[in-house]
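Take a look at the structure below.
Reminder, nothing fancy here: chain letters follow the sequence lines and each chain counts from 1. Atoms considered below: every heavy atom in the structure, side chains included; atoms not considered: hydrogens, waters and symmetry mates.
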Number of protein chains: 2
Amino acid sequence: MCDGTPLKVIDPVDTEGMLDIGSVSDSVIFGDCRTVLSRLPDSSVDMVFMDPPYHLQLPKKDLKRWNQNNVVVAVRDEWDSFGSFEEYDRFIEEVLVEVKRVLKEKGALWVISTYHSIHRIGKIMQDLGFWILNDVHWVKTNPMPNWLGVRFTNATETLLWALRDKDAKGYTFHRDRAKEFGIGKVGANVWVIPLCTGEERLKNSEGTRLHSTQKPAELLRRVTLTSTNEGDLILDPFAGTGTTGHVARELGRKFIMIEANPDYIPGMAERFTFGAPGPKDKRIKELEEAMAEGEGEEGDP
Amino acid sequence: MCDGTPLKVIDPVDTEGMLDIGSVSDSVIFGDCRTVLSRLPDSSVDMVFMDPPYHLQLPKKDLKRWNQNNVVVAVRDEWDSFGSFEEYDRFIEEVLVEVKRVLKEKGALWVISTYHSIHRIGKIMQDLGFWILNDVHWVKTNPMPNWLGVRFTNATETLLWALRDKDAKGYTFHRDRAKEFGIGKVGANVWVIPLCTGEERLKNSEGTRLHSTQKPAELLRRVTLTSTNEGDLILDPFAGTGTTGHVARELGRKFIMIEANPDYIPGMAERFTFGAPGPKDKRIKELEEAMAEGEGEEGDP
DNA sequence: AAGTTGGTTGAATCCCACA
DNA sequence: TTGTGGGATTCAACCAACT
């Protein structure tokens, strides 16, 4: 699954001008994706997978779980707070303009979001000339139940798959994979996948989740296998825990990841080195134990 | 299911000024919904269900079925064709402004569309201050396959359920119904329903479909039962074959329908009178036969 | 009568070489 | 550039005709 090749971590401040695709391949670039994207060349990427902030607009007070004392850990990270729809729209548009520029002629874009913002994203995509091929619906087998009973339980997230240009012919699509993944015999646009939990979920030093919205690797596998070829270059401007790159490596694709939050970089790098979810992973524990026992016995020269 | 009470057909040209809710209740009003809506009073409707044109932008060329001597009858109705997204957006916004005005304080809006236009509609809804409660995904058991295998089979349509105002408290939601309809045990936002075909599908005088996009009654039942109470007033600005009103009557709700295309009115009215799909329905055939046999025997005085 | 077969259809942004 | 024709390939549901 993972050969242990470490993840290159690139700080673009170390250089000036355009970044060379070859030298930033298979790396994570630290920084605001708008700035980093602007330093990547035109028409150089086969596929972009994008998991932007959702603009959830959650209430300021923590939601109290009904009849329980604990507090639901809601998504209220700083990176997901925008003052208004206008501000959010502007941000998304700036990113998408750059994404369109760096995509190859027959390149494709995947975006994932929820009803809070997917309509804004989809509208902007269409206005910029992206050509939507499908909406794909991720149905979670284990969604967070809606304990207040005031709405339907939101068990889905929406992915949009779009071409850079409307009339692009010969884009990549592996129908056999689509039929394997989509429900029914027709390769429908519905994927049933559990949430990312347990061992797969990266943990921080306190043992709680490292990232609030880590996507399941299976989701990225399906995206990658249906719409890219081996050796293709995949770009993720909102890398988070690095699932996109991790799956890309597993499936023999190249990747460039961009992440603005330094808190995520160590966990992401660890994941590549150990091919494992994170600090709680058995292999890491074993390694730590081995290191503790054999302290001083081994070391890099 | 249907008591045979005929459907009132109202031509608003017959009167001037505002329309009285009482007198247009349980009727279909003939005309452009923007004009008709503007003549309905503020805050008078409990729920709006809206199935607008999708602006499909299908190719001019027919898709041939190569194992049989015919083509796919595409949706190329004039009412679905707009010059541009801008024109489409303007149309939708004009309708939604009026919809918001006629909705009661705790009123809700349902909209259905596909990826072709749902994002534009959702964005406009948010900009107008509608508060999206859920996206609900209709998964079709029998979608048309993507024969050429160049995309995922599009097996879904998206419904958006939204409040007129963000902070409305005490809006109508029947969670037991939601649990009954949504997949899983949590009342999830995914509904699996077959397409509207067979006897249920209204036919024209030639025996082919009366309307290119008739929705299944089961879809409207779920919308109605989860988000309205008995006696509520439901408005449908794009009535088509009148499924919304027909289901409303079946479930003890009041309704106002608006339809701009006169071709659909007779079929719609027939459906109410006979509680039946249309000319091909058995009951209608029986009636016709009985009338032929007993010609002259009975008659209105 | 009950089951089988063949034909038709569904909101579809569905191909490609060649003239 | 647009139009034509060759050829490659989907499934569930419904219905009419037939066994």
Kindly list each side-chain donor-acceptor pair under 3.5 angstrom involving residues 60-71 of chain B, sequence neighbours excluded, with atom names and distances?
{"unit_1": "B:Asp62", "atom_1": "OD1", "unit_2": "B:Arg76", "atom_2": "NH1", "d": "3.1"}
{"unit_1": "B:Asp62", "atom_1": "OD1", "unit_2": "B:Arg76", "atom_2": "NH2", "d": "3.3"}

For DNA chain D, the dot-bracket notation using Watson-Crick and G-U wobble pairs below 3.5 Å, [ ] for pseudoknot-type crossings and | for other-strand pairs, is .|||||....|||||||||
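Atom C1' of D:dA12 sits at a distance of 23 Å from the matching atom of C:dT13, rounded to the whole Å. Rounded to whole Å, the separation between the C1' atoms of D:dG7 and C:dC14 comes to 15 Å. Separating the C1' atom of C:dA1 from that of D:dT19 is a span of 12 Å, rounded to the nearest Å. Between the C1' atoms of D:dT9 and C:dA11, the separation comes to 23 Å (whole Å).
Listed by chain and number, the residues in a ring pair (Phe, Tyr, Trp, His ring centres under 6.0 Å) with B:Tyr115 amount to none (sequence neighbours excluded). Listed by chain and residue number, B:Trp79, B:Tyr264 satisfy the ring pair (Phe, Tyr, Trp, His ring centres under 6.0 Å) test with B:His211 (two or more places apart in sequence, or in another chain). Here B:Thr228 pairs with B:Arg253 under the side chain to side chain donor-acceptor pair (under 3.5 Å) rule; sequence neighbours left out.
Residue order along DNA chain D, read from the 5' end via each residue's closest nucleotide, puts B:Lys60 first among A:Lys185 and B:Lys60.
With respect to A:Phe49, the side chain to side chain contact (heavy atoms under 4.5 Å, CB included) criterion is satisfied by exactly one of A:Val247, A:Thr224, A:Leu159: A:Leu159.
Between the side chain of B:Arg201 and the backbone N or O of B:Leu195 there is no donor-acceptor pair closer than 3.5 Å.
The shortest heavy-atom contact between B:Thr153 and B:Asn146 is OG1-N, 3.1 Å. Closest non-hydrogen pair, A:Lys104 versus A:Arg164, comes out as O-CD, 3.5 Å.
What separates CD of B:Glu200 from P of D:dC14 is a distance of 10 Å, to the nearest Å. If you measure from atom CG of B:Asn67 to atom P of D:dC11, you get 11 Å, rounded to the nearest angstrom. Atoms CD (B:Glu199) and C1' (C:dT8) sit 15 Å apart, rounded to a whole Å.
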Heavy-atom contacts, protein to nucleotides 10-15 of chain C, under 4.0 Å, summarised as B (base), S (sugar-phosphate only) or - (none) per nt, yield BBBBBB
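Here C:dT13 is in the syn range [glycosidic angle within 90° of 0].
A:Phe152 and B:Trp161 have perpendicular rings, their planes meeting at more than 60° on a 0 to 90° scale where under 30° would count as parallel.
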